Protein chains: 2
Amino acid sequence: MAADHVSLRRNNLSVVLRHVRAAGPRSRARIAADTGLNKATVSSLVAELVERGLLREGQAEIERGALGRPGQLVELDGSSVCGVGAEINVDYLAVAALDLSGGVVLEHRVPLDVAHQDPSTTLDRLADLIREAVAAVDARGGQTAGVTLAVPGLVQSATGSLKLAPNLGWNEVPVVDEMRARLGDPAYPFRVDNEANLAALAEYSELKKDTGNQADDLVLLTGAIGVGGGVVSDGHLLRGGHGFSGEVGHMPVAPAGRTCGCGRTGCWETVVGLTTLLNKATDADDPVRDPSLDVERRLAEITRRAEAGDARTLGALADVGTWLGIGGAILVNILNPDVLVLGGYFASLGPWLQEPLESAIRDRVIAPEGGGCRVVQSELGFAAAVRGGAQISLDQVFLDPTLIGRDATGVAQ
Amino acid sequence: MAADHVSLRRNNLSVVLRHVRAAGPRSRARIAADTGLNKATVSSLVAELVERGLLREGQAEIERGALGRPGQLVELDGSSVCGVGAEINVDYLAVAALDLSGGVVLEHRVPLDVAHQDPSTTLDRLADLIREAVAAVDARGGQTAGVTLAVPGLVQSATGSLKLAPNLGWNEVPVVDEMRARLGDPAYPFRVDNEANLAALAEYSELKKDTGNQADDLVLLTGAIGVGGGVVSDGHLLRGGHGFSGEVGHMPVAPAGRTCGCGRTGCWETVVGLTTLLNKATDADDPVRDPSLDVERRLAEITRRAEAGDARTLGALADVGTWLGIGGAILVNILNPDVLVLGGYFASLGPWLQEPLESAIRDRVIAPEGGGCRVVQSELGFAAAVRGGAQISLDQVFLDPTLIGRDATGVAQ
DNA sequence: TACTTAGTTTGTTGGCTCAACAGACAAAGT
DNA sequence: ACTTTGTCTGTTGAGCCAACAAACTAAGTA
């Protein structure tokens, strides 16, 4: 809370660094004009950020044709710092490493039937993947700013423990401690977070990249066997008092519906989950239903049928889209996001879900003009969570550039 | 974003002022120890805050029995700055003025059938009340830090316009402009906000006062004819992209239920609204149903019957409590608040609602141990929104003490 | 075409100010 | 004698301002 010269400097370093990220390569003079800082101050700040390896002098001189002395472009230096994201999900493990400028250094996914493994075995495999990612960062001459693990369950961020992950069959696993031990107590911070939260963060970054500014309120729906929700409100991740926010899968929206894994009837999951879609769209002996098949392959087949105009498939998709809208409207009324992002399997099948979904929302939202809520399909799809994990580690650096290089006050957990 | 010496100073003034509010009267040395600021710095900051009339040297010397030189207590100075809150609701207008230390300077409510008035007449009456409140502040030798108006509807905070208030029958009313004109373009800032949002803020302050720290995530339910929701997340009001968040009254929870004023069936309002309770608890010719009767008086009668053990009343209350829990569980799953506060009429009847409500929530929440969500009855009841309005104006001063006194950079809107 | 000059913009330098800090110290108690 | 408070003095660090050199465009002149 209390601020001194050091935090003042830290703040302004962060302002400059984030401005370059948000607005792209720029001359010092331009940064000064944009941020309101003095030219001299910006020079000093940029010099320090260059020294820390976070910014670099741009190769290009500047756009021609302008009057006066051309400026020296300053841009993000992707070479020195990377964030690593990892993910444990029902049927795969994944890692990704992003550099400071958002470039993908590495992305790796391996299929694994996590639910039928011992957690310990899964964590061993994951440790291998993370070591591989960190090695790739090292090989590039970079430093790992942090690793964040995404899990489909309830996470207590403070203690780094996974309280409950029904779809994995995990319960009270101290994932951070377990992983830190496996990785030999690494210097970089290691965090866990909910999969949907991290995916929401990744989508938020993506949105910022595309639309420039505006839109600081976003809801992400991740569709898989279960349904997860991630909420970004006013640019901040909504975590809730104990970090258990976004549990939207069990909203009772269809009292006449199927029995849910949680024991109750009519949960949202039971009408929009992937299993339900497949049951509606196919016969019991249809090979697409085979649970041992890769999810992406099953989705590809559904997509093919939809494109071919198969009536039953289209009907099932329209049905899911409508139910998605019925639950979505609840979220929109409560949270009033600017954007509702369809992630996970909803993204793959977005083209057929979007129309019925939007119409269902329009019918149910109180705020004028549907609360101004746009519905978009995720471009990241199933990769959103790992990306978000890498992103969140990088965000720490953007918030406090002094974590990196020079005096490096300590890669504080 | 970008910070300089002035913002550094502003921040630290704010830190000291807020610390005294949160932790109570304290010596300078203690403030320094608590905040991490240097003793000398705290002396300087306190001196400035005293000069601005926000703090004052405490009368009492200090607790006895301690070793060493006793400290001079420093405490909030309630005498110089007040925040004013106002409220337009279906059947009353209200104002309140709070001083910096949270003391109630004035609280005034007048019954008015707003829905059957011309908006202009209502605003005229409200202007009278506000003038009265500001005059009361003046009479105490104080300065009005700002006035915030609470309305039961969708508010666009930026433009200060009320987009839609179904229960008032209002639509697209530029309330801020209208009121500023009536008040003769006052120097203090004038804002509008949603009634439930402001009430949530007031409850949050109340909570902080009681429990000290912890609990930064809260959901408030205001019960009246309609049902409103206000959300505080991580200490911040959740507003949503367009400021239309918290519209919980029309969540479709009871598909088999009554038709709602909004045209759909099964909205939450239709099973937990006051009208529904009365219909369930009484016969058609029961005088309690008389809508011209004062709400508080009708609630008093229901309370009397419940206390007397009237089976039908108790049944109706249990029913409403359960439905409250069914919808409440949705909110708890999405937002994971530490506390769920029952406001409005739910507060008056809380003793009978709480048990079935808590049980319904426990049955439906995914997170372990009910997500740790406590259910409490509001102490402020129907006065929460005005209090919150006054509070929010004061909060501006706590966030930027330089708004008041001395150089007063301008009572910026 | 080659050269000069004016005008504009960039980025650095040195001096100034402001605010926090550190340490010394008097004051006020045990 | 010992402790703790609060003030005072001098130092440090960071941002600001104004001046200035550098780098370029535009236009006028030979």
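First the proteins, then the strands, lettered A, B, ... as listed; each starts at 1. Quick caveat: nothing in here was measured; it's all calculated off a predicted structure.
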Protein-nucleotide distance ([X], atom [atom1]; [N], atom [atom2]), rounded to Å:
X	N	atom1	atom2	value
A:His5	D:dC16	NE2	C1'	13 Å
B:Leu13	C:dA19	CG	P	9 Å
A:Glu48	D:dG15	CD	C1'	14 Å
A:Arg10	D:dA14	CZ	C1'	14 Å
B:Asn11	C:dA19	CG	P	13 Å
A:Arg9	D:dA14	CZ	P	6 Å
A:Leu49	D:dA14	CG	C1'	15 Å
A:Asp4	C:dA22	CG	P	9 Å

Item checked: Flag, side chain of B:Arg10 to backbone of B:Asp400, donor-acceptor distance under 3.5 Å ->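 Not confirmed, B:Arg10 side chain does not pair with B:Asp400 backbone.
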
* Asked: Does A:Ser44 use its side chain to pair, donor to acceptor, with the backbone of A:Ala40 at less than 3.5 Å?
  ->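 Judged by distance alone, no pair lies under 3.5 Å.
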
For A:Ser80 and A:Asp77, does a side-chain donor sit closer than 3.5 Å to a side-chain acceptor?
no

Donor-acceptor contacts under 3.5 Å from residues 388-397 of chain B side chains, at least two apart:
{"unit_1": "B:Ser393", "atom_1": "OG", "unit_2": "B:Gly146", "atom_2": "O", "d": "3.3"}
{"unit_1": "B:Ser393", "atom_1": "OG", "unit_2": "B:Thr148", "atom_2": "OG1", "d": "3.1"}
{"unit_1": "B:Asp395", "atom_1": "OD1", "unit_2": "B:Arg21", "atom_2": "NH1", "d": "3.2"}

Between its two end axes (five pairs each) the helix from C:dT1-D:dA30 to C:dT30-D:dA1 turns, nearest 10 degrees, through 10°

Checklist entry - Ion pair present between A:Asp99 and A:Arg140, side-chain N to carboxylate O less than 4.0 angstrom? => result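 Salt bridge: yes.
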
query = Does a side-chain N-to-carboxylate-O contact under 4.0 Å join A:Lys208 and A:Asp216?
reply = yes

query = Looking at side-chain heavy atoms only, is the closest gap between B:Lys39 and B:Ile31 below 4.5 Å?
reply = no

Whether each nucleotide of nucleotides 9-16 of chain C has a protein heavy atom under 4.0 Å at its base (B), only at its sugar-phosphate (S) or at neither (-) is summarised, 5' to 3', as BBBBB---

Closest non-hydrogen contact found for A:Leu73 with A:Ser27 is CD2-N, 3.9 Å

Original post:
Does a nitrogen or oxygen in the side chain of A:Asn12 sit under 4.0 Å from OP1 or OP2 of D:dG15?
Top reply: yes

Check this one for me: any side-chain N or O of B:Thr41 less than 4.0 Å away from OP1 or OP2 of C:dC21?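 Checking B:Thr41 against C:dC21: at least one side-chain N or O falls below 4.0 Å of OP1 or OP2.
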
Using the rule side-chain contact (heavy atoms from CB on, under 4.5 Å), only one of B:His19, B:Glu75, B:Gln72 pairs with B:Arg26; which is it?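 The residue from B:His19, B:Glu75, B:Gln72 that satisfies side-chain contact (heavy atoms from CB on, under 4.5 Å) with B:Arg26 turns out to be B:His19.
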
